[in-house]
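Notes to accompany the following structure.
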2 protein chains.
Amino acid sequence: MADHVSGKRLQRAELARRTGCNLETIRYYEKTGMMPDPPRTASGYRVYDDAHISRLRFILRARELGFSIEQIRGLLDLVDGGTQTCAEVKERTEQHLADVRAKIADLKRIEKVLAATAAQCSGEDIPECPVLEALAS
Amino acid sequence: MADHVSGKRLQRAELARRTGCNLETIRYYEKTGMMPDPPRTASGYRVYDDAHISRLRFILRARELGFSIEQIRGLLDLVDGGTQTCAEVKERTEQHLADVRAKIADLKRIEKVLAATAAQCSGEDIPECPVLEALAS
DNA sequence: CCTTGAGTCTGTAGTTGCTACAGACCGTAG
DNA sequence: CTACGGTCTGTAGCAACTACAGACTCAAGG
């Protein structure tokens with residue numbers, strides 16, 4: 001398998017290596033239709049090319065940014081349909097941004113409670129514990 | 001079922017109502033050993049009392065604060081064992097606090113990227129989209 | 001007394017987003 | 001030619017629930 005130049009016709013492990021994606025996850029994305037079914041060798045091995053790398057990177061990047069599979073599927077539909085408008089994508093992104101901000105707010109609330117509770121702890125070797133009391137109250 | 005006074009001998013739906021917990025989740029917590037198997041009536045109906053309410057509230061509160069089931073199981077072991085020390089609980093709480101803060105940091109990074117990307121959008125009805133390009137890059 | 005409707009019981013399947021097998025192939029280096 | 005790795009498939013597992021189906025029980029109304 002001479003691919004000493006730039007990535008053409010690689011197989012699964014190599015695609016995984018280049019994208020940092022788990023081996024099995026690639027198959028999962030194919031099964032769920034986010035990645036296209038790749039062509040196969042005569043013996044059934046998957047063969048990938050640069051387009052697959054790009055699409056997988058797109059998916060992984062979107063996952064990193066916290067988009068759900070369903071949301072990414074939506075983004076990919078826009079891309080694939082070729083009918084995407086900036087307005088549509090912007091709206092989805094901003095919706096997602098709002099979700100992320102809500103999540104941050106939630107976690108900050110939690111942080112505050114945890115910090116306040118932990119601060120009450122003597123840290124000593126005694127059975128009374130304000131954390132447990134706070135949880136039980 | 002006279003329980004006009006304070007909660008004694010309630011059944012599942014009532015426990016759910018008082019704690020805000022989903023009906024099925026209670027059964028799940030029992031199955032996974034976080035809640036004790038409650039006594040039953042002759043015909044097999046579960047019967048709960050105030051101790052069950054407290055314990056369920058403890059679990060739900062800890063879940064709200066983002067503790068995993070496994071972590072809560074740990075906290076409950078400390079409580080149940082009676083051997084808990086404030087030092088142990090404090091340490092777990094602070095570990096969890098660190099996790100929460102890491103999560104906040106992650107989300108803030110994501111927020112920044114999303115906000116910057118969305119800001120580039122014209123919001124117009126054209127097919128070029130900086131968000132998709134950012135994801136694809 | 002009997003029916004009706006609501007509550008409860010059990011086990012099991014679905015959810016999301018993967019991850020990890022088992023057992024059967026394939027392909028290449030020694 | 002054989003050994004060792006990679007690949008193939010389908011399926012089961014993870015967290016943490018949630019939602020059934022089908023059987024049972026219980027209290028109230030007629």
Side-chain angles (χ1 to χ4, degrees), chain A residues 1-3 9-35 37-48 52 55-76 96 99 103 106 110, chain B residues 1-4 9-35 37-48 52 55-56 58-76 96 99 103 106 110:
Chain A
M1 260 124 244
D3 88 303
R9 344 217 113 256
L10 17 116
Q11 48 192 135
R12 202 148 59 105
E14 182 62 11
L15 177 59
R17 202 189 56 73
R18 293 208 192 179
T19 55
C21 183
N22 177 291
L23 203 58
E24 299 292 316
T25 304
I26 296 170
R27 202 154 65 90
Y28 169 73
Y29 286 153
E30 285 164 14
K31 199 169 51 188
T32 55
M34 313 183 62
M35 289 288 286
D37 281 355
R40 306 287 184 121
T41 65
S43 57
Y45 283 26
R46 290 167 177 81
V47 182
Y48 300 99
H52 293 102
R55 193 178 180 95
L56 184 50
R57 288 216 175 110
F58 183 104
I59 295 167
L60 294 173
R61 182 106 184 85
R63 287 291 299 138
E64 259 179 51
L65 292 179
F67 284 95
S68 74
I69 293 293
E70 225 24 69
Q71 289 170 326
I72 296 173
R73 211 188 292 280
L75 293 173
L76 288 171
H96 184 50
D99 291 350
K103 214 165 211 170
D106 276 0
I110 289 163
Chain B
M1 263 139 237
D3 88 305
H4 45 288
R9 343 219 113 252
L10 17 118
Q11 48 191 131
R12 201 148 59 104
E14 182 64 11
L15 177 59
R17 201 188 57 73
R18 292 207 191 179
T19 55
C21 183
N22 177 292
L23 202 60
E24 299 292 318
T25 304
I26 295 170
R27 202 155 64 91
Y28 169 74
Y29 287 153
E30 285 165 13
K31 199 169 51 188
T32 56
M34 313 184 63
M35 289 287 288
D37 281 355
R40 306 286 185 122
T41 64
S43 58
Y45 283 26
R46 289 167 179 81
V47 182
Y48 300 100
H52 292 102
R55 193 178 181 96
L56 184 50
F58 183 103
I59 295 168
L60 294 174
R61 183 108 184 84
R63 287 292 298 137
E64 260 178 50
L65 293 180
F67 285 94
S68 75
I69 294 293
E70 226 21 70
Q71 288 170 326
I72 296 172
R73 211 188 292 280
L75 292 174
L76 288 170
H96 184 50
D99 292 350
K103 214 164 212 170
D106 277 359
I110 289 163

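Chain identifiers are assigned alphabetically (A, B, ...) following the order of the sequence lines, protein sequences preceding nucleic acid strands; residue numbering begins at 1 within each chain. Remember, predicted model here, so these are calculated numbers, not experimental data.
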Counting just side-chain N and O atoms, does A:N22 come under 4.0 Å of either OP1 or OP2 of C:dA20?
-> yes

Residue mapping more 5' on DNA chain D - nearest nucleotide basis, B:F67 or B:T41 = B:F67

d(CZ, A:R12; P, C:dT19) in whole Å | 13 Å

N or O in side chain of B:R27 less than 4.0 angstrom from C:dG11 OP1/OP2 | no

Quick one: B:R9 CZ to C:dT8 C1', roughly how many Å, whole number?
-> 18 Å

Within the structure shown, what part of the strands sits under 4.0 Å from A:Y29 by heavy-atom distance: base, sugar-phosphate, or nothing?
-> sugar-phosphate

In whole angstrom, give the distance that lies between atom CD1 of B:I59 and atom C1' of D:dA16.
-> 13 Å

Atom-to-atom span, CD1 of A:I26 to P of C:dG17 - whole angstrom = 18 Å

Decide, yes or no, whether a salt bridge links A:E64 with A:R61 under the criterion of side-chain N to carboxylate O below 4.0 Å.
-> yes

OP1, OP2 of D:dC8 versus side-chain N and O of A:R46: anything below 4.0 Å?
-> yes

For the side chain of A:Y45 and the base of C:dG27, is some donor closer than 3.5 Å to an acceptor across the two?
-> no

Min side-chain heavy-atom separation A:Q71-A:D99 under 4.5 Å | yes

Compare all side-chain heavy atoms of A:R55 with those of A:H52 and state whether any distance is below 4.5 angstrom.
-> no

Of the nucleotides D:dC20, D:dG6, D:dA16, which one has an atom closest to the side chain of B:E24?
-> D:dC20

When the distance from OH of B:Y48 to C1' of C:dC9 is rounded to whole Å, what number comes out?
-> 11 Å

N/O (side chain, A:T25) to phosphate O (OP1/OP2, C:dT19) under 4.0 Å | yes

Side-chain N,O (B:Q11) to OP1/OP2 (C:dG7) below 4.0 Å = no

Would you name the heavy atoms of A:L23 and A:A13 that are closest together and state the gap between them?
-> CD1-CA, 3.6 Å

Which of these nucleotides, D:dA16, C:dG17, C:dT10, is closest to any side-chain atom of B:I69?
-> D:dA16

So, A:R12 side chain and A:Y45 main chain: donor-acceptor pair closer than 3.5 Å or not?
-> no

Can you tell me the distance, in whole Å, between the CD1 atom of A:I72 and the P atom of C:dT16?
-> 13 Å

Mind calculating the distance between OH (A:Y28) and P (D:dG13) to the nearest angstrom?
-> 18 Å

Using whole Å, report how far CG of B:L23 lies from P of C:dA6.
-> 16 Å

Answer with base, sugar-phosphate or nothing: what part of the nucleic acid does B:S68 contact at a heavy-atom distance below 4.0 Å?
-> sugar-phosphate

Of the listed D:dG6, D:dA16, C:dG17, the closest approach to the A:A13 side chain comes from D:dG6

Residue whose closest nucleotide on DNA chain D lies nearer the 5' end, B:S43 versus B:K31 | B:K31

Are B:R73 and B:E70 close enough for a salt bridge, meaning some N to O gap below 4.0 Å?
-> yes

